[in-house]
Amino acid sequence: MVTLPKDVDLAAAEEAFSSAEASSALAREARDTPERPSFGIVELLSAIRTARPLSSVADGTVLPLRALRLYRRLLEREAIGYSQMARAARTGEDVRRKVGPFEVDLVVDDDAVFLTISPIGTDIPSAITLINDTQETVVMALPEPVNAVVQLGLASASDDAKTLIRLMEDVTTSIFIT
């Protein structure tokens with residue numbers, strides 16, 4: 001298991017991760033199993049910092065479980081607000097989640113789904129990442145705030161909106177605002 005300090009030393013973390021991957025590769029080789037391409041901390045950070053889902057940078061690579069755990073830890077370190085468990089309130093189809101210092105509201109209308117994040121102070125979020133316990137993930141780049149509120153609208157029939165609704169309603173979903 002890779003443990004990261006508060007001030008992430010990326011070189012040390014990458015070395016520890018690479019060492020674990022090398023050990024795993026040697027064990028696979030000893031069992032005569034086919035090798036899988038490795039997946040390092042650089043790719044994990046690339047996914048976080050470019051507001052893309054992990055699968056988009058994995059490029060078909062089967063990710064080891066420890067990479068997913070490290071991805072969550074790195075998201076926590078990069079986040080200006082995160083919530084591992086749901087602290088939610090629901091009225092009808094609308095959902096409100098407390099995520100660090102922010103309130104994330106999801107308002108479902110007939111034609112659109114609106115995601116708002118407030119209040120926005122000096123730390124302006126650029127992306128929101130939602131991951132449930134089955135590793136289903138959605139990452140969305142956020143627009144600039146208007147009157148201290150980030151507002152994002154999606155067509156309610158879109159796949160992104162349906163996934164967003166499902167993940168916001170799921171109490172096992174972790175939310176990271178970066």
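Just so it is clear, the values below take in all heavy atoms, side chains as well, and ignore hydrogens, waters and symmetry mates. Values in this document were obtained by computation on a predicted structure and should not be read as measured data.
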Exercise. Could E103 and R96 be called an ion pair, given the rule that one side-chain N must be under 4.0 Å from one carboxylate O?
Worked result: yes

Seminar exercise, completed: Smallest heavy-atom separation, P101 atom then G81 atom, equals CD-CA, 4.1 Å

Exercise. Among all residues two or more places apart in sequence or in another chain, which pass the side chain to side chain donor-acceptor pair (under 3.5 Å) test with T122?
Worked result: none

Exercise. Is there side-chain contact between R72 and S174, with heavy atoms separated by less than 4.5 Å?
Worked result: yes

Problem set entry | Interatomic distance, F114 atom CZ to D94 atom CG [nearest 0.5 angstrom] | 11.0 Å

Exercise. Quick one: are M168 and T173 in side-chain contact, heavy atoms under 4.5 Å?
Worked result: no

Exercise. D160 versus L164: any side-chain heavy-atom pair under 4.5 Å?
Worked result: no

Exercise. How long is the span from the OG1 atom in T178 to the CG atom in L75, to the nearest 0.5 Å?
Worked result: 7.0 Å

For this session: Measure the spacing between CZ of R97 and OG of S83 and express it to the nearest 0.5 Å.
Result: 5.0 Å

Exercise. Given the rule that I, L, V, M, F, W and Y join up when any side-chain heavy atoms are under 4.5 Å apart, are I124 and L115 in one cluster?
Worked result: yes

Exercise. Counting N and O atoms only, with roles assigned by atom type, does the side chain of S156 sit under 3.5 Å from a partner on the main chain of V113, one being a donor and the other an acceptor?
Worked result: no

Exercise. Taking side chain as C-beta onward, heavy atoms only, is I128 less than 4.5 Å from L142?
Worked result: yes

For this session: Drop me the distance from E144's CD to S126's OG, to the nearest 0.5 angstrom.
Result: 9.5 Å

Problem set entry | Worked verdict on T134 versus N132 for side-chain contact (heavy atoms from CB on, under 4.5 Å) | CA-CA 5 Å; T134 62; N132 70 6; 2.8 Å; yes

Exercise. Would a 4.5 Å heavy-atom cut-off, applied to side chains only, mark F102 and I80 as touching?
Worked result: yes

For this session: Sort out for me which residue in L167, I165, V171 forms a side chain to side chain contact (heavy atoms under 4.5 Å, CB included) with E169.
Result: I165

Exercise. Side chain of D109, backbone of D111: donor and acceptor closer than 3.5 Å?
Worked result: no

Exercise. Any side-chain heavy atom of T129 sitting closer than 4.5 Å to one from Y71?
Worked result: yes

For this session: Output the distance between atom NZ (K162) and atom CG (L154), rounded to the nearest 0.5 Å.
Result: 12.5 Å

Exercise. Are side-chain heavy atoms of P143 and Q151 found at a separation under 4.5 Å?
Worked result: no

Exercise. Side chain to side chain donor-acceptor pair (under 3.5 Å) with E76: which residues, sequence neighbours excluded?
Worked result: Q84

Exercise. Are more than 12 heavy atoms from other residues, nucleotides or ligands located less than 6.0 Å from atom CG of D133?
Worked result: yes

Exercise. Do V104 and I177 come close enough that some side-chain heavy atom pair is under 4.5 Å?
Worked result: yes

